[in-house]
Amino acid sequence: MRLSQSLWQTFKEVPAEAEIPSHRLMLRAGLIHKSGAGIYNLLPFGLRVVQKIERIVRDELDKAGCQEILMSMVTPGELWQESGRWDLMTEMLKFKDKKNRDLCLSPTNEETVSDIFRNIVKSYKSLPATLYQINTKFRDEIRPRFGLMRAREFIMKDAYSFHNDKESLDLVYKDLYDAYCRIFERMGLEYTVVEADGGAMASSDSQTHEFQVVAETGEDEIIYCAQTGYAANIEKAKTKRANAPALTGDAAYEDVATPGAATIEAVAKLLKIEKHHTIKALVYECISGEESKIIVAFILGDDTLNEVKLKAVTGADHVRAASESMLSLVGLVKGFIGPVGLSEKIEVLIDEAIDHEGLYVAGANKADFHTKNIKPSRDAIHAKRVDLRLACSGDLTLDEKGVVAVRRGIEVGHIFQLGNKYTKAMNVTVSDVNGKPMHPLMGCYGIGITRVAAAAVEQNNDEGGIIWPAAIAPYHVYFASIAKDEEVSKIAEGIYHELQNQGLEVVFDDRKVGPGFKFKDSDLLGLPVRIVVGDKTWKDQEKIEVVWRHNGEKLLVSREELVGTLKAGLKV
RNA sequence: CGGAGCGUAGCGCAGCUUGGUAGCGCAUCUGCUUUGGGAGCAGAGGGUCGUAGGUUCAAAUCCUAUCGCUCCGACCA
């Protein structure tokens, strides 16, 4: 590919809108172009990256026995009404056609694939079956951001499997898990597989894993233990607190005056105790459908509540902190809420990190008073013990064999066991061995293709620009011809053709610009290797300069050695 | 949806306080000279100052409304 005849423009200056490295660099390197909030066009080099990613995904999924299909991007609303998600999926872009029929742009495709499946598959003998597609998705995110990282329109690979029983689902789930590992390994990305929360997609107790590309700018927090290998999304992570023993004894509880001490900080200071010897009350409004109820959650004074866990425990669709007016409505005094003397009508949860036999200080349920020597097993008998605390750096794993740390990650893949949630809702049945209808079990498996491209840049860049892993780089070689001499220019032309004939993907920079300009563009675009043919090195020693982008290693090779050197380094 | 900020040439910005001929750098085009880390000189093209009202002799500038974009939060498979 000749740059002199290509549509490619790089930018020295960064568009003000771009905040994170991948977004900045992809704009500057001329890979993408923005049309609107969260809506991007892929330019030639950007598209090639996406195609490279897709090729790896297809290859591994086909090997894993999946079949590719292509589902319509526009879906009839009735399918979503059937599954009950028409009103639940708030980020779905809905519209009507000329005949006033409901339609939407697919944010995901469980409904469509179920519809296909129920119309085609009749027997248990056809199972298991796994279908996938690589297609554009549209999610009308409340806040799109970071370029391709969280765009509204994006390309996703989504796969769906159908099974007769749990064993079959487990097997295919494992196959896809392994395929995903191979996919991200082949792409040259540093990733972690973490346990995750099923969220709105599946129930919270179903098996689900996220594939997270490790990067500082990631939107997700991951709890990771180097010693034991434990890894989980912080939303899901279960850990143990380290070194925070409770006070012990048998003293009866008693109220103490704590005027104005409405925060844990103030109470601990006033009573000269550790924060983890206090119990903090958090009041939440838990909303399920039309109904909402008030729940009081107790956690240790210096812990943070994990709202995803709360949501899972209460089975609510949404949880949110209760407003002050709601507190007074149910007779709670903000800043002085505690388990003793609390109305039995209020549902109470107590975190497992609180020692049931320990002694704690908590609010006395009246202004300016706290209660000390509260022993949960004796004094908080209405409270249901559940895991609510947000894991944090320094915690121990549950088996106490390792210490965990927090990392940030970009979720590039997510696999779920859906069970029969959708096959039931959509009435998908096949005949079982006895000829009776049964609802197959489902699994679903996603990879954000365009997000992978952004994540790869996020993980691999320096001051000069992008450093593409060879497997997903738009081209293999950046060939800067900086020859002025006509003879040497001809040699460069010859080398360009030779490389192409050898199957190497070459960007031939034959533009009439200075060498510095070409080197800067080369670094910015970030192809794995740059070669340079110039008058000096060629005329003096008939050598070609080879520079590897990832480590800056520079060497001079002869024309005979060139192809071998490149192929060995690129592993192609 | 709550909070903050920004809309002036393709990109980055100045001008706005105190109303009076729309500017700078990069990019683009032409010519000449250059060529191993974003070259130099000379010249050129490109903007109804987001949009719509209003105030005024006069609005990029003041007022009102509206649209768009970005960031933080809420939210998010």
Side-chain angles (χ1 to χ4, degrees), chain A residues 8-20 23-24 27-28 30 33-39 85 88-92 106-110 137 139-147 149-152 154 156 158 160 196-204 206 208-211 219-220 233 235-236 307-308 311 317-321 411-418 421-422 443-448 451 463-465 480-485 488-489 509 511-525 530-538 540 545 547 552 554 556:
Chain A
W8 187 46
Q9 175 73 58
T10 56
F11 303 91
K12 253 203 260 192
E13 274 161 324
V14 196
E17 66 187 50
E19 289 290 320
I20 63 168
H23 191 195
R24 278 204 295 268
L27 285 168
R28 279 191 57 209
H33 172 260
K34 188 173 88 163
S35 282
I39 303 176
R85 289 209 286 184
L88 289 181
M89 299 215 57
T90 49
E91 67 269 34
M92 190 156 69
S106 296
T108 175
N109 286 83
E110 282 76 17
K137 298 282 181 294
R139 294 181 188 174
D140 198 3
E141 299 275 0
I142 296 168
R143 184 144 100 86
R145 52 182 149 177
F146 303 150
M149 199 70 85
R150 182 173 290 282
R152 292 194 295 169
F154 59 100
M156 176 165 137
D158 44 328
Y160 307 89
D197 184 85
M201 195 65 202
S203 55
S204 278
S206 63
T208 169
H209 288 91
E210 289 170 351
F211 289 74
E219 292 186 279
D220 290 332
N233 190 304
E235 294 176 345
K236 177 84 174 178
E307 293 190 0
V308 175
K311 210 166 106 179
D317 295 335
H318 295 285
V319 297
R320 63 173 180 227
E411 181 190 343
V412 289
H414 202 157
I415 57 179
F416 298 87
Q417 293 197 357
L418 297 174
K421 179 171 172 174
Y422 294 95
C444 87
Y445 317 86
I447 291 178
R451 185 182 278 183
E463 316 77 55
S481 170
I482 58 169
K484 289 170 299 239
D485 186 283
V488 183
S489 293
D509 194 348
R511 295 174 298 179
K512 306 222 172 319
V513 295
F517 198 91
K518 294 183 179 184
F519 297 155
K520 289 287 185 189
D521 267 355
S522 166
D523 288 345
L524 180 58
L525 181 60
R530 175 178 81 215
I531 62 173
V532 185
V533 169
D535 293 344
K536 210 173 156 197
T537 44
W538 186 261
D540 291 358
E545 187 179 276
V547 188
K554 194 180 283 193
L556 289 173

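Residue numbers start from 1 in every chain, and the chains themselves are labelled A, B, ... in the order their sequence lines are given, proteins ahead of strands.
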Worksheet entry | side-chain hydrogen bond (donor to acceptor under 3.5 Å, both in side chains) partners of A:Lys137, counting only residues at least two apart |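 So A:Lys137 forms a side-chain hydrogen bond (donor to acceptor under 3.5 Å, both in side chains) with A:Asp158.
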Discussion item. Please enumerate all residues that pass side-chain hydrogen bond (donor to acceptor under 3.5 Å, both in side chains) together with A:Glu235, with sequence neighbours excluded.
Written reply: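 Residues passing side-chain hydrogen bond (donor to acceptor under 3.5 Å, both in side chains) with A:Glu235: none at all.
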Worksheet item: Who does B:C24 pair with, Watson-Crick or G-U, both distances under 3.5 Å?
Response: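 Pairing partner, where one exists within any strand: B:G12.
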Report the residues that fulfil side-chain contact (heavy atoms from CB on, under 4.5 Å) with [X], sequence neighbours left out, ordered by chain and then residue number.
{"X": "A:Lys554", "result": "A:Glu545, A:Val547"}
{"X": "A:Lys34", "result": "A:Glu17, A:Tyr40"}
{"X": "A:Glu307", "result": "A:Tyr284, A:Leu305, A:Val319"}

Under 4.0 angstrom, heavy atoms only, what part of the nucleic acid is [X] near: base, sugar-phosphate, or nothing?
{"X": "A:Arg152", "answer": "nothing"}
{"X": "A:Met156", "answer": "base"}
{"X": "A:Glu19", "answer": "sugar-phosphate"}
{"X": "A:Lys554", "answer": "nothing"}
{"X": "A:Thr90", "answer": "nothing"}
{"X": "A:Asp535", "answer": "nothing"}
{"X": "A:Glu219", "answer": "nothing"}
{"X": "A:Arg143", "answer": "base"}

What integer number of Å spans the [atom1] atoms of [N] and [M]?
{"N": "B:G12", "M": "B:C6", "atom1": "C1'", "result": "14 Å"}
{"N": "B:C26", "M": "B:A42", "atom1": "P", "result": "12 Å"}
{"N": "B:G20", "M": "B:A60", "atom1": "P", "result": "9 Å"}
{"N": "B:G15", "M": "B:U61", "atom1": "C1'", "result": "9 Å"}
{"N": "B:G45", "M": "B:A27", "atom1": "C1'", "result": "13 Å"}
{"N": "B:A9", "M": "B:U28", "atom1": "C1'", "result": "11 Å"}

Discussion item. For B:C72 and A:Arg145 - does any side-chain N or O of the residue sit under 4.0 Å from the phosphate oxygens OP1/OP2?
Written reply: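 Yes, because at least one side-chain N or O of A:Arg145 sits under 4.0 Å from OP1 or OP2 of B:C72.
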Worksheet item: Quick one: the side chain of A:Arg150 and the base of B:C76, do they pair up donor-acceptor inside 3.5 Å?
Response: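 When only heavy-atom distances are counted, A:Arg150 does reach the base of B:C76 through a donor-acceptor pair under 3.5 Å.
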Discussion item. Once hydrogens and angles are ignored, does a donor-acceptor distance under 3.5 Å link the base of B:G12 to the side chain of A:Arg24?
Written reply: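 Such a pair does not exist between side chain and base.
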Discussion item. Tell me the closest heavy-atom pair linking A:Ala151 and A:Gly38, and the distance in Å.
Written reply: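 Looking at all heavy atoms of both residues, the shortest contact is CB-O, 3.5 Å.
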Identify all pairs in which a protein N or O lies below 3.5 Å from an N or O of nucleotides 23-33 of chain B, and state each distance.
| from | atom 1 | to | atom 2 | distance (Å) |
| --- | --- | --- | --- | --- |
| B:G25 | N2 | A:Glu13 | OE1 | 2.7 |

Worksheet item: Would A:Asp521 and A:Trp8 satisfy side chain to side chain contact (heavy atoms under 4.5 Å, CB included), going step by step from the backbone distance to the final call?
Response: CA-CA 10 Å; A:Asp521 267 355; A:Trp8 187 46; 3.9 Å; yes
